[in-house]
Amino acid sequence: MFIGVKEIKITETISVLLLPLIYALVLGLALYLAKPIKFVGPKQSKVAEGAMVLFIGVLITKLAISSGQAISSIFQVGPALILQQIGNLGTLLALPIALFFGFRREVIGMTSSICREPNLGVIIDKYGFKSPETRGVLAVFVIGSILGTPFISFLSSISASLIPMHPYAYAMASGVGSASMNAAALAPLMHMFPSMATQLEAFAGCSNLLSFCFGIYMCIFVSLPLAERMYDWLAPHILGHDEIISIDDDYAIEEVKHDKYATTDDLTLGKLERWATFLVIFSFIVAVGNYIGFNTSIIDAFIGMLLISLITIIGMSLERIIPWNIQAIIYISLIGIFVAIPGVPTADFLVHYVSQIDLTTICTAFLAYVGIAIGNDWEEFKKIGWKGIIIALIVISGTYLCSAAIAHITLVATGMV
């Protein structure tokens, strides 16, 4: 937060924003990779990886509270939020390019979705862990974990200054990726359009929830069958009918723990104590960063973060208590939205304190942990090669821009903007 926001002008109308969250991610990764620094290593990276699950909950809670606060606006633009989910098909734009690069059946896994955790599970379940389709989805998954967050932040700032679509459309498109990508894409928009900050947070948070709930069904019933059909149709024309030899050895990813996001363990008193300790420390860091960056009250910001942390712990606990296969992100989102709806007894008190916290501050602290955590995946990342990286970035770009375009067209057609 000390460095602040830096704007790099490409032309008079096009610029790229360098935000504190990018510095935090790079510095966190640098601390892990810098050999002379001994106090950040594999052990600390594992701790950071575990803490990330909690801190993602904090990000989701903040966005959910903004969604509840602006629930009337969300109902007004409802069709745009729903229809922009079709933008998930934008990942398929990368399929013919991947074939030109020499990938074969890997392209089905690489381009049928943005390769979030649920999509990873779908591909593994359908094709098997050792299949080329799974190697493809794992390649994009690893790239997205490392490059997705900073890339979508740059993409958001460039797109908003270059392509004349409404900020609401870009905010809705921010929800296509993971929670960290959602926040990273949203941060430049909030800096560029500060008067719309609450609405932008609300639309991004609601979009991310919808993407998480329905994105997997879009993958299963629409984009994955389309990817298979496109492969069957395009592969003979682009690759020819020669022997099917995969180039996956160039980016083989070993020891990927594909169950680490899907598995949950029992709720214990010790686990609750660890969660509370992590979140109190994280809340203090965010409160201090908020004061440095935005000169707000440390006490008010700390209280706001404790309220957010409480909702996060409740959501994480419900995932383990209720015997249904519902992830914590759903519980956290629904609770956060409900308690912030105008007229609900908790709304005024909660919104007063949570509104003191800038989302960028939470993202900055969170991405410092992300940078340390992805250090463990650095060797796997290097194996993927430049071709896989290009495909992953096209997948992210296609999804984001198609979603924004559909949202903008719907907003204009319904007279919302």
Side-chain angles (χ1 to χ4, degrees), residues 17 19 21-22 24-25 52-68 70 74 80-81 84-85 87-88 90-91 113-119 141 144-157 159-160 167-193 196-216 261 308 312 315 327-330 332-333 336-337 357-367 369-370 395-397 399-404 407:
L17 295 178
L19 300 172
L21 57 92
I22 301 298
L25 187 146
M52 280 168 51
V53 178
L54 276 177
F55 302 156
I56 285 174
V58 172
L59 281 171
I60 294 298
T61 303
K62 167 64 173 168
L63 292 172
I65 290 171
S66 295
S67 297
I74 288 174
L81 275 168
Q84 62 91 25
Q85 296 293 317
N88 285 306
T91 59
S113 69
I114 202 170
C115 302
R116 296 174 69 180
E117 292 88 346
N119 307 119
F141 180 81
S145 300
I146 296 174
L147 292 183
T149 300
F151 174 73
I152 203 168
S153 179
F154 290 131
L155 178 64
S156 173
S157 63
S159 299
Y168 290 173
Y170 284 118
M172 294 177 199
S174 299
V176 298
S178 63
S180 57
M181 289 174 65
N182 183 15
L186 180 59
L189 300 176
M190 293 174 63
H191 180 80
M192 297 168 73
F193 309 101
M196 302 179 184
T198 299
Q199 290 90 344
L200 296 175
E201 283 186 359
F203 297 147
C206 192
S207 172
N208 194 251
L209 176 60
L210 289 173
S211 294
F212 194 89
C213 292
F214 302 116
I216 187 170
Y261 293 97
I308 288 174
T312 301
Q327 292 195 339
I329 185 176
I330 306 298
I332 291 170
S333 297
I337 290 172
I357 307 162
D358 193 276
L359 180 70
T360 307
T361 313
I362 300 177
C363 294
T364 301
F366 168 71
L367 287 177
Y369 284 87
V370 173
V395 163
I396 294 170
S397 301
T399 311
Y400 178 78
L401 293 175
C402 285
S403 295

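- Of all non-hydrogen atoms in Ala328 and Gly315, the two that sit nearest each other are CB-O, 3.7 Å.
- The two residues Ala184 and Ile152 have their closest heavy-atom pair at CB-CG2, 4.2 Å.
- Distance check: Ile332 CD1 to Ile65 CD1 gives 11.0 Å after rounding to the nearest 0.5 Å.
- The side-chain hydrogen bond (donor to acceptor under 3.5 Å, both in side chains) search around Thr312 returns Thr61, not counting sequence neighbours.
- In plain terms, the two heavy atoms of Ala407 and Ala80 that are nearest each other are O-CB, 3.9 Å.
- A perpendicular orientation is assigned to the rings of Tyr369 and Phe55, their planes being inclined by more than 60° (bins at 30° and 60°).
- Summarising the geometry of Cys206 relative to Leu81, their closest heavy-atom pair is SG-CD1, 3.9 Å, with the distance given to 0.1 Å.
- Annotation: side chain of Pro167 is not in contact with side chain of Leu189 (no heavy-atom distance under 4.5 Å).
- Applying the ring pair (Phe, Tyr, Trp, His ring centres under 6.0 Å) criterion to Tyr168, with sequence neighbours excluded, gives His166, Phe203.
- The closest side-chain heavy-atom distance from Ser207 to Ser174 is not below 4.5 Å.
- Of the inter-residue distances, the one linking Leu200 atom CG with Met172 atom CE reads 9.5 Å to the nearest 0.5 angstrom.
- Listed by first then second residue, pairs satisfying salt bridge (charged side-chain N to carboxylate O under 4.0 Å, His left out) with a partner in residues 201-211 read Lys62-Glu201, not counting sequence neighbours.
- In this structure, OG1 in Thr364 is found 8.5 Å from CG in Asp358, a value given to the nearest 0.5 Å.
- Panel note: side chain Ser67, backbone Ala202; a donor-acceptor pair is recorded below 3.5 Å.
- Put simply, the side chain of Ser403 never gets that close to the backbone of Tyr400: no donor and acceptor are under 3.5 Å apart.
- Residues Val58 and Phe366 are not in side-chain contact: their nearest non-hydrogen atoms beyond the backbone lie 4.5 Å or more apart.
- Residues Ile114 and Val176 approach most closely at CG2-O, 3.6 Å, considering heavy atoms.
- A donor-acceptor contact shorter than 3.5 Å links the side chain of Asn88 to the backbone of Gln85.
- The nearest pair of heavy atoms linking Met192 to Ala160 is CE-CB, 3.8 Å.
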May I have the step-by-step check of side-chain contact (heavy atoms from CB on, under 4.5 Å) for Ile396 and Met181, ending in yes or no? CA-CA 10 Å; Ile396 294 170; Met181 289 174 65; 3.9 Å; yes
Yes or no on side-chain contact (heavy atoms from CB on, under 4.5 Å) for Ile357 and Ile308, after CA distance, side-chain angles and deciding distance? CA-CA 10 Å; Ile357 307 162; Ile308 288 174; 4.1 Å; yes
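- Inter-residue side-chain proximity for Tyr170 and Pro188 is flagged as unmet; no heavy-atom pair is nearer than 4.5 Å.
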